[in-house]
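The next block holds one structure in the form of structure tokens; read it before the comments.
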Amino acid sequence: MSDCIFCKIASGAIAVSPVYEDDDFIAFPDIQPQAPVHILVIPRRHYNSLVEVEDAGVLGQALQAVQKTALALHLHSEGFRTVINTGDNGGQTVHHLHFHVLGGRFMTWPPG
Ligand code: 5GP
Ligand code: ZN
């Protein structure tokens with residue numbers, strides 16, 4: 001989508017510093033980090049949200065991209081949190097599917 005900020009990042013029109021990328025996904029730091037490590041993992045293809053993805057393979061590949069991102073950042077030993085905000089009640093503000101990967105501190109529960 002031409003007016004989607006994450007599509008622009010995915011295509012390279014807006015430059016980021018990727019911490020992981022492959023043909024289908026790119027992971028880069030959140031502009032407003034909520035933890036010492038706060039990465040967004042996005043598919044290069046545009047989906048408005050989690051509920052728009054019909055292909056189970058894409059969902060599996062997305063979680064693999066999250067896993068590879070966490071491994072690349074050595075988050076796996078201390079642990080990390082993965083968040084998918086979906087729709088208004090979910091607090092989604094950017095309507096291009098993305099996975100938050102948060103680490104570097106203890107995460108409290110429940111979320112706000
Ligand atoms: P949501 O609230 O939709 O789950 O998360 C959207 C996230 O995207 C927010 O954490 C916000 O800080 C981040 N974000 C919004 N615009 C940009 C941007 O232009 N660059 C980067 N790196 N992150 C962004
Ligand atoms: Zn998009």
Side-chain angles (χ1 to χ4, degrees):
M1 289 176 80
S2 58
D3 59 344
C4 172
I5 190 94
F6 285 0
C7 279
K8 288 177 183 164
I9 288 172
S11 71
I14 294 177
V16 292
S17 301
V19 296
Y20 170 79
E21 65 180 320
D22 58 33
D23 287 348
D24 300 313
F25 296 89
I26 180 168
F28 55 92
D30 194 294
I31 205 168
Q32 215 176 326
Q34 302 300 318
V37 180
H38 186 172
I39 301 300
L40 300 171
V41 181
I42 68 169
R44 293 187 189 273
R45 178 175 165 183
H46 182 95
Y47 302 92
N48 283 322
S49 79
L50 179 64
V51 293
E52 223 187 57
V53 186
E54 293 176 351
D55 186 339
V58 170
L59 293 174
Q61 287 162 3
L63 279 181
Q64 268 187 331
V66 167
Q67 182 191 60
K68 287 175 181 173
T69 297
L71 288 167
L73 295 171
H74 305 287
L75 293 174
H76 49 293
S77 53
E78 290 192 330
F80 60 95
R81 180 165 293 174
T82 307
V83 175
I84 312 169
N85 294 327
T86 305
D88 291 342
N89 273 2
Q92 184 177 3
T93 59
V94 177
H95 296 281
H96 177 129
L97 174 64
H98 52 280
F99 299 71
H100 296 260
V101 175
L102 299 138
R105 66 167 170 83
F106 182 81
M107 300 292 155
T108 58
W109 191 263

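Read the numbers this way: they start at 1 and go in the same order the structure lists the ligands and their atoms.
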In the protein, which heavy atom is nearest to [atom], and how far is it?
atom: atom 15 (C) of ligand 1; result: Val94 CG2, 3.9 Å
atom: atom 5 (O) of ligand 1; result: His98 NE2, 3.0 Å
atom: atom 22 (N) of ligand 1; result: Pro29 O, 2.9 Å
atom: atom 23 (N) of ligand 1; result: Ile31 N, 3.2 Å

[X], portion touching ligand 1 at heavy-atom distance under 4.0 Å:
X: Val16; answer: neither
X: Phe99; answer: neither
X: His100; answer: side chain

- [ ] Please confirm whether His95 comes under 4.0 Å of ligand 1, counting heavy atoms of the residue only.
- [x]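 Per 4.0 Å heavy-atom rule, His95 does not contact ligand 1.
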
Aromatic ring proximity Phe28/Phe6, centre distance under 6.0 Å =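 Yes.
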
At less than 4.0 angstrom from any non-hydrogen atom of Gln32, what atoms of ligand 1 do you find?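 Reading through ligand 1 atom by atom, the close ones are 12 (O).
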
Those atoms of ligand 1 less than 4.0 Å from some heavy atom in Leu40:
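Reading through ligand 1 atom by atom, the close ones are 8 (O), 13 (C), 23 (N).
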
A student comparing Ile14, Asp30, Ile5, Thr93 should find that the heavy atom closest to atom 10 (O) of ligand 1 comes from Asp30

Ignoring hydrogens and geometry, is there a side-chain-to-backbone donor-acceptor pair from [X] to [Y] under 3.5 Å?
X: Gln32; Y: Asp30; answer: no
X: Glu52; Y: His46; answer: no
X: Arg44; Y: Asp23; answer: yes

Given side chains that start at C-beta, do those of Leu73 and Thr69 come closer than 4.5 Å, heavy atoms only? yes

Checklist entry - When the ring planes of His100 and His98 are compared, do they come out parallel, tilted or perpendicular, using 30° and 60° as the limits? => result perpendicular

N/O separation below 3.5 Å, [X] to ligand 1:
X: Phe6; value: no
X: Gln92; value: no
X: Phe28; value: no

